[in-house]
Amino acid sequence: MTSLAADTRVATADPGTRLVAKARWRWPEFLLWLFAIALIWIAPSRYLLFNEIVILALLALSIDLVLGFAGIVTLGQGAFFGLGAYTAGLMAKHGMGTFPWSDPLLGLVGAAIVAGFVGFLSSFLVLRGSDLTRLMVTLGVALIVQELGNKLDWITGGADGLQGVMPAPILGLFDFDIYGRNAYLYSLCTLFVLFLIARALVNSPFGLSLRAIKGNLTRARAIGIPVERRLVVIYTVGAAYAGIAGALLAQTTQFVSLDVLSFERSADALLILVFGGVGTLYGALIGAIAFKAMYDVLASATPEYWGFWLGLALVLLVLFARGGIMGLMAALMERFGRRRMGDA
Amino acid sequence: MLTILFDGIAYGLLLFILAVGLSITLGLMNFINLAHGAFAMAGGYITVVMVNRLGLSFFWSLPAAFIVTAALGASLERTLYVRLYDKNHLDQVLFSLGLIFMSVAAVDYFMGANQQIVNLPPALDGRLEFLGASIGYYRLFVIILCSLLTIGLQLVLTKTRFGSRLRASVDDQRVARGLGIDVSKIFALTFAIGSGLAGLGGALATPFFNIDPTFPLKYMIYFLIVIAVGGTTTITGPFLSALLLGVADVAGKYYVPAIGGFIIYTIMVLVLIFRPQGLFGRVTGR
Amino acid sequence: MPEVMSPVLETKALHKTFGGLTATNNVTFALPAGARHALIGPNGAGKTTFVNLLSGVLTPTSGTVYLDGTDVTRWPAHKRAGAGLARTFQINQLFADFTPLETIVLAISQAKGLAARFLRPVGTDTSIANAAADLLQRLTLGDVMHARVGALPYGKQRLLEIAIAVASEPKVLLLDEPAAGVPESEREQILDVVAALPGEMALVLIEHDMDLVFRFAKSLTVLVLGGVLVEGSPSEIVNDPRVRQVYLGELHVEGFSQPHAGGALG
C-alpha cells in the first residue's frame, strides 16, 4: 500500500490512529466510483462494454487477493471463473426463470460456493513447493476443468455453449433489459460490495499477516503465523471471487461458452492486474479500464493480431514500468508531495 | 501393447529433447522461461518452410532448425533475457508469456492460423513388424536420434570442461565465479543450446502432431510437468519424467480414450501429494 | 539461579544429520526459566543448526525437544512460536515493506491470537497499537516506527529483530548472534537492550564475541562438532583445559571475536 500525503497530517497522532488512517478513504477513490455510476448518463449506449469491464475487473481483483497480497503466482484463475459461470448458468437455466434457482443473487452465492470449494481443494496442491510447482498446479487445474467442460457436454452444452440461461429479475424487481443498463448496475453493485470486503480484508490484521507471508516466509512462521492455513483461506476466497465474476458474465450475457475456461482469460486477467498495479486493489479496476480501452484502439482494426500487442505490452511493462499504472501514479504523487513539503 | 510402449517412448524422448533446455536454464539461472515452447515452434515452422515451401529434404531441415533457433535463442538471451535474471518469478512469467503471445501472433501473421502438415520423407515412411509390434520407421528414427542426443548431452555434461563448468555454475554460482568461470558466457551458451534443442525437437515433432501457432501454449503444461516432476538439478530427472509422461499419455489416450486426457494431470497431482519436491531429485528452491 | 524448577526448554539426545554429515550430535540440554545462557563454539560447531532444531525450522533425525514439559519435536515453527518460543535470526528476517510499528502490531496480534481478524483495519485495537509503540520506544526505535523497515540502518534493523521476538512475551528467547555485523559504536545499544529484557524470560545467546558472552551469561554450553563439550559457569568454562585447548586456542589463530564469522551449518 502506498502511504500518500495524508501521512504528514497525522504524524503526531497516536499509533493506533496513525495505522487506521492508512485504511481511510481518499478522494480519488470516491471519484472513481462516482464516475462508474455517472457512466449511466455519460455513455448510455455502451453498457455492454462497461459490464464487461466490471466483470474483468472483478476477475483481476480475485487474482490480486491471491497474488498481490499472498504472493501466489497463478495462471489458472480462469478455472474458477468458468466454474462460477457454469454454476450460475445452470442454476438459471434449470430454474426456468423463477425463484429460487434462477434468482441472480442466489446464483452468485451458488457460484461462489462451487468455485470456492474447488479452490479450497486445489489450494492444498498450491501450498506445496515453489513458484514453478504453483505455475504447474494452477495451470494444470485450469486445464483439467477445461477438459471436463469439454467432456461433460451433456451438462455444459459442449462447444455449442449453454443456451437458455434465464435469470429471474434482480430482487424480483429489476429485469435484465436488452440495453444492459440494469445488468451493468447489478454487476457494478456486486463489484462494489466485493471490493469493500476485499478492502477491509487487506487492511485488517489478517491482511497484514498475508503481506507478512509474502514479505518473509521464515519470519512469518517464526512469529507464529499459521502460513498454510492463511494461504488456504485466501486462495479459497480468491476462487470464490473469480466464481462470482463468472456468474455475473453468465447472468448478464445469458449465455455460457467453453471459452470462459480458456487460458487466454486467465492470462488477460493477470495482464490487467499487472497493467493496473499488483497489490493495490485499484490496480485491478484501472487495469481493466485501460485494457479494454487498449483493446478498442488496437484490436478494432485487426483483431487477430491483438495477441501481438498484448505480448508487447507485457514485455515492455516488465522491462520499464514495474508498478503498473498505480505504481506510476504513486511515484507522481510522491514527487508532487515532496515538492509541496519543500515549499512549506 | 508393445506398439503403444514404443510410441510412448518415442513421444517421451521427444518431450525430453523439447524440455531439457528449459530444465537447464531453470536450474542454472533460476529463470522460468514459459516461452521455451516458442523456440520449439520456431523449429517446427523452419521445417515447414524448408520442406513444404522450398522443397528441401526433411533431413536438412533438422540441423537448420537447431542452428537457427540456437542463434535466435542466443540473441534474445543477450538482448532481453539477461535483463530478467535478477527479477522475481512473476516478472519472468509475465515477460515470457508476453513473448509467447507475440510469437503466436507473429507466426499467425506470416504462416496463417491453420495446421501445417509436413510429409515424411519416403525413407522414413512405412512400418516395421518386430516381435508382433508394428513400428513406424519415423518413430524408430526419432527414438534413435533422441537417444543419441541424450547420450551426447550426458557426455558433454560429465566429460567436457564446459560440462564441469556448467555443473559448477548450477551448484553454486558465486563459487563458480570465484573459480574464474565466466558464468554469463555459460548462461548464453547454455541458453542457445537449450533453445536449439527445443527447435530441433519442434522440427522432429511436426510430422507427429502437425503444428499451428498455438503450439507454445498447448505444450506449456507438458514442459512444466516434465521439469517440476523431474527436478532441475540433473538431466536424469527430467529424462525419466519425460519418458513416464510420454508413455502414460500415449497409453492413456489409447486404452481409455474417454479420460485419457486426464492421465498426465493425475500424475501431476499424485506426485505433488506424495513427493512435493519432485519425483526424481529435488527442485532447487532458490 | 535456583535450579529446582522444571526446565522451560529441554532436549534429550537431539541428533541431526545431513546426508552423512552429523550437524548436531546427541545433545541433551536443559534451560531453566529466567536463564541467561550462552551457546558458544568454534565455526562449524553446529550452533545455528541447534537453534533451528529448537525453533522448528529443522526437524531432528532423532531425539526430543520439550517446551515447558510438552514434547514439541514434531511441531512446526509457527506452533512452537505460539507456545512461547521466540527467536532472532543471524541474518535479518524482516518485512521490508512494513513499518516497524506494523511489524510489531502484527507480532503482538499473532501472539494474542487476534491476527486472523479480518474486518476492522489494523490499529483499531488501540491497546495493541500502544503496546507496540511502547515496545519500540523502549528499544530506541520510537523515532523510526513509521519508516519503511527496508530503509532503516542496519543497527536499527538488528534491534527490530529483537523487538519482534520480544513482542510476543515469550518464555524462551533464542538470540542468534544479535550483534552480528553491527558496527562497534552500536553494539553497546544492543547489549543494553538484551540486558534490560524481563528477568523471567529465559534467554539463550549464540555469540562469537566473548566480551558480550561473558558480560551477559550466567551459564554456558560449549558445542564442538555438533556435540556438547562442556557446560558450566563462565569461570568454569574459562578454566576448563579442554575448552582452552579446542576453542580458546583458536582465538589467537583465527581471531574468532570477529563479529561476522558466520557460524556453521544450516
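In what follows, chains are A, B, ... by sequence order, proteins preceding strands, each numbered from 1.
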Whether over 12 other heavy atoms sit under 6.0 Å from A:Trp25 CH2: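 Counting neighbours around CH2 of A:Trp25, more than 12 heavy atoms of other residues, nucleotides or ligands fall under 6.0 Å, so yes.
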Within 6.0 Å of CD in C:Glu186, more than 12 heavy atoms from elsewhere: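 Above 12, so yes.
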Are the side chains of [X] and [Y] in touch, meaning some heavy atoms are under 4.5 Å apart?
X: C:Leu94; Y: A:Asn216; value: no
X: A:Val227; Y: C:His78; value: no
X: A:Arg18; Y: C:Met145; value: no
X: C:Phe89; Y: A:Arg219; value: yes

Contact class of A:Ala23 relative to chain C, heavy atoms under 4.5 angstrom: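 For A:Ala23, the side chain is the part near chain C, not the backbone.
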Heavy-atom contact with chain C under 4.5 Å, split by part of A:Arg199: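 For A:Arg199, no heavy atom lies under 4.5 Å from chain C.
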Exercise: identify the closest heavy-atom pair between A:Ile225 and C:Gln110: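 Smallest interatomic distance, heavy atoms only, reads CG1-OE1, 3.6 Å.
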Closest non-hydrogen atom pair, C:Ala133 against A:Pro15: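 Smallest interatomic distance, heavy atoms only, reads CB-CG, 3.5 Å.
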Under 3.5 Å donor-acceptor pairs involving side-chain atoms of residues 114-123 of chain C, not counting sequence neighbours:
none

Relative to chain A, which segment of [X] carries a heavy atom at a distance below 4.5 Å: side chain, backbone, both, or neither?
X: C:Thr124; value: both
X: C:Ser127; value: neither
X: C:Asp97; value: backbone
X: C:Leu106; value: both

C:Phe95 vs A:Arg211, side chain to side chain contact (heavy atoms under 4.5 Å, CB included): CA-CA, chis, key distance, verdict: CA-CA 8 Å; C:Phe95 309 125; A:Arg211 282 168 52 210; over 6 Å; no
Chain C interface, residue from [options] that has the most non-hydrogen pairs under 4.5 Å:
options: A:Ala200, A:Ser209, A:Ala212; value: A:Ala212
options: A:Gly207, A:Ala220, A:Pro226; value: A:Pro226
options: A:Leu201, A:Ile197, A:Leu19; value: A:Leu19

Main-chain N/O of A:Thr218 paired with C:Gln93 side-chain donor or acceptor, under 3.5 Å: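 No, because the side chain of C:Gln93 does not come within donor-acceptor range (under 3.5 Å) of the backbone of A:Thr218.
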With sequence neighbours excluded, residues passing side-chain contact (heavy atoms from CB on, under 4.5 Å) with A:Leu105: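 Here the qualifying residues are A:Asp103, A:Leu108, A:Leu171, A:Tyr186.
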